[in-house]
Amino acid sequence: MNIDLLKSAEAQFLQRYPGGFHHPEMLAIGKKHLFEKRKEQVQEWFSYDRFVETDGTVISESMIKIVSASSLVSVFEKPKFRDIIRALSVEEKQHLADALQAQLHGDAQEGFESMISLLQPLRIAKWPILTVIPTYFRPTHEAFVKPTTAKNIITYFGVETLKYSPKPSWEFYCGYRDLILEMKSHVDPSLSSSNAAFCGFLMMTMNE
């Protein structure tokens with residue numbers, strides 16, 4: 001990874017937006033994404049107790065609401081996800097809920113791979129779908145994988161140890177998450193209030 005390039009991007013961004021994401025322009029952009037609201041919803045709707053107290057139908061409907069409302073997910077993916085999930089059987093919805101519970105509260109790898117197994121035959125096992133809820137649930141630890149952004153980060157910053165694949169895998173997810181956490185450790189905290197915000201900084205840097 002090219003640390004010098006990252007530090008240069010940090011300096012240019014902070015020169016343009018003193019205070020990083022606390023700058024008025026950045027705060028205005030942040031409000032449009034309603035990140036804090038989605039985070040609060042996800043942490044409430046997918047708490048451990050909620051999985052215990054409700055069933056797969058309730059959990060799957062909550063997943064639809066988050067995916068549909070999230071600014072992180074493409075408008076093209078939202079209706080497809082909604083329609084397919086609502087068409088699942090009660091048993092399949094429970095399997096979906098169990099996978100998400102494991103992903104958030106148990107064996108994360110097992111939950112992630114179970115989610116892929118369930119959604120892949122339905123052609124909705126997409127990176128944004130698989131990572132959006134964990135991103136809101138643990139915003140400073142998990143990583144949102146947006147295909148174009150992930151590919152550009154890996155290429156732009158010369159990351160030779162990681163190769164993007166459109167086919168989701170736990171191996172790539174862990175590698176990408178570790179990369180984001182490592183890059184965050186080299187920049188000012190004002191650029192990394194959440195991993196999603198940090199990737200926003202990287203995306204703006206690459207676009208410029």
(message) Could you tell me if the side chain of I180 sits less than 4.5 Å from the side chain of I153, heavy atoms only?
(response) yes

(message) To the nearest 0.5 Å, what is the distance between OG1 on T131 and NZ on K126?
(response) 13.0 Å

(message) Taking F144's backbone N and O only, do any of them form a donor-acceptor pair with T135's side chain (distance below 3.5 Å, no angle check)?
(response) yes

(message) Looking at L104, is its backbone amide N or carbonyl O close enough to the side chain of R138 to form a donor-acceptor pair, meaning the two atoms are under 3.5 Å apart?
(response) yes

(request) Look only at the side chain of S8 and the backbone of D4, and say whether a donor-acceptor pair between them is shorter than 3.5 Å. (result) no

(message) Working note: E142 + Y173, criterion side-chain hydrogen bond (donor to acceptor under 3.5 Å, both in side chains); need CA distance, chi angles, decisive distance, verdict.
(response) CA-CA 9 Å; E142 306 292 353; Y173 178 73; 2.6 Å; yes

(request) Without swapping roles, check the side chain of W127 against the backbone of S165 for a donor-acceptor pair under 3.5 Å. (result) yes

(message) Does the plane of the ring in Y17 sit parallel, tilted or perpendicular to the ring in H23? Use 30° and 60° as the thresholds.
(response) perpendicular

(request) Report the relative orientation of the aromatic rings in F35 and Y136; use parallel for angles under 30°, tilted for 30 to 60°, perpendicular for over 60°. (result) tilted

(request) Keeping the roles fixed (side chain from Q103, backbone from L130), state whether a donor-acceptor pair exists under 3.5 Å. (result) yes

(request) For S70 and I66, indicate whether the former's side chain and the latter's backbone hold a donor-acceptor pair under 3.5 Å. (result) no

(request) Indicate the atoms forming the closest heavy-atom contact of F112 with S169, along with that distance. (result) CE2-C, 3.6 Å

(message) Is it the case that the side chain of D55 and the backbone of V58 share a donor-acceptor pair, with hydrogens and angles ignored and the cut-off at 3.5 Å?
(response) yes

(request) Just say parallel, tilted or perpendicular for the rings of F13 and F21, cut-offs at 30° and 60°. (result) tilted

(message) Any non-hydrogen side-chain atom of D188 less than 4.5 Å from a side-chain atom of E10?
(response) yes

(message) For residues W170 and V132: do they belong to one hydrophobic cluster (side chain heavy atoms under 4.5 Å, members Ile, Leu, Val, Met, Phe, Trp, Tyr)?
(response) yes

(request) Indicate if L6 and L181 have the same hydrophobic cluster label, given that clusters are the connected sets of ILVMFWY residues with side-chain heavy-atom separations under 4.5 angstrom. (result) no

(request) Group every Ile, Leu, Val, Met, Phe, Trp and Tyr by side-chain heavy-atom contacts under 4.5 Å, then state whether V90 and I85 land in the same group. (result) no

(message) Quick check: do K65 and S68 have side-chain heavy atoms less than 4.5 Å from each other?
(response) no

(message) To the nearest 0.5 Å, what is the distance between CE on M183 and CG on L191?
(response) 11.5 Å

(request) Check whether any side-chain heavy atom of L5 lies under 4.5 Å from a side-chain heavy atom of Y156, and answer yes or no. (result) yes

(request) Search all heavy atoms of S89 against all heavy atoms of E92 and return the closest pair with its distance. (result) N-OE1, 2.8 Å

(message) Could you go through F137 and H105, starting from their C-alpha distance and side-chain angles, then the distance that decides it, and tell me whether this counts as side-chain contact (heavy atoms from CB on, under 4.5 Å)?
(response) CA-CA 11 Å; F137 194 79; H105 301 288; 3.4 Å; yes

(request) Please test S190 against H22 for side-chain hydrogen bond (donor to acceptor under 3.5 Å, both in side chains), starting from the C-alpha separation and ending with a verdict. (result) CA-CA 7 Å; S190 67; H22 299 295; over 6 Å; no

(request) Could you tell me the separation between the NE2 atom of H95 and the CG atom of D98, rounded to the nearest 0.5 Å? (result) 6.5 Å

(request) Look at atom NZ of K184 and say whether more than 12 heavy atoms of other residues, nucleotides or ligands are closer to it than 6.0 Å. (result) yes

(message) What I'd like to find out is whether the side chain of L88 reaches to under 4.5 Å of the side chain of L122, using heavy atoms alone.
(response) yes

(message) Measuring from atom CD1 of I64 to atom CG of D83, what distance do you get when rounded to the nearest 0.5 angstrom?
(response) 8.5 Å

(message) Quick check: F198 with F201 (ring centres under 6.0 Å apart)?
(response) yes

(message) Quick check: do R38 and L72 have side-chain heavy atoms less than 4.5 Å from each other?
(response) no

(request) Using a strict 4.0 Å threshold on nitrogen-to-oxygen distance, state whether E77 and K80 make a salt bridge. (result) no

(request) Using a 4.5 Å cut-off on heavy atoms from C-beta on, say whether the side chain of L34 contacts that of S71. (result) no

(message) Can you give me the closest heavy-atom contact between P168 and P166, atom names plus distance?
(response) CD-O, 3.2 Å

(request) Would you please test F157 and I3 for side-chain contact (heavy atoms from CB on, under 4.5 Å) and show each step? (result) CA-CA 8 Å; F157 291 99; I3 299 294; over 6 Å; no

(request) Starting at CG of L162, measure out to CD of E171 and round the result to the nearest 0.5 Å. (result) 9.0 Å

(message) Grouping I, L, V, M, F, W and Y whenever their side-chain heavy atoms are under 4.5 Å apart, do I84 and L119 come out in a common cluster?
(response) yes

(message) Looking at E61 and K93, is there a salt bridge between them, counting it only when a charged N and a carboxylate O are closer than 4.0 Å?
(response) no

(message) Any side-chain to backbone donor/acceptor pair from Q12 onto A9? Under 3.5 Å, distance only.
(response) no

(message) Can you tell me how the ring of Y164 sits relative to the ring of F172, calling it parallel under 30°, perpendicular over 60° and tilted otherwise?
(response) perpendicular

(request) Of all the heavy-atom pairs spanning A150 and V145, show the shortest one and how long it is. (result) CB-CG1, 4.2 Å

(request) Keeping the roles fixed (side chain from D107, backbone from A102), state whether a donor-acceptor pair exists under 3.5 Å. (result) no

(request) Search all heavy atoms of N195 against all heavy atoms of A143 and return the closest pair with its distance. (result) ND2-N, 4.4 Å

(request) May I ask you to decide if A125's main-chain N or O and Q120's side chain share a donor-acceptor pair within less than 3.5 Å? (result) no

(request) Would you mind checking if K37 and E40 are paired as a salt bridge, meaning a charged N to carboxylate O distance below 4.0 Å? (result) no

(request) Would you check if T161 and L179 make a side-chain contact, meaning some heavy-atom pair closer than 4.5 Å? (result) no

(message) Rounded at 0.5 Å granularity, tell me how far CE in M63 sits from CD1 in I59.
(response) 9.0 Å

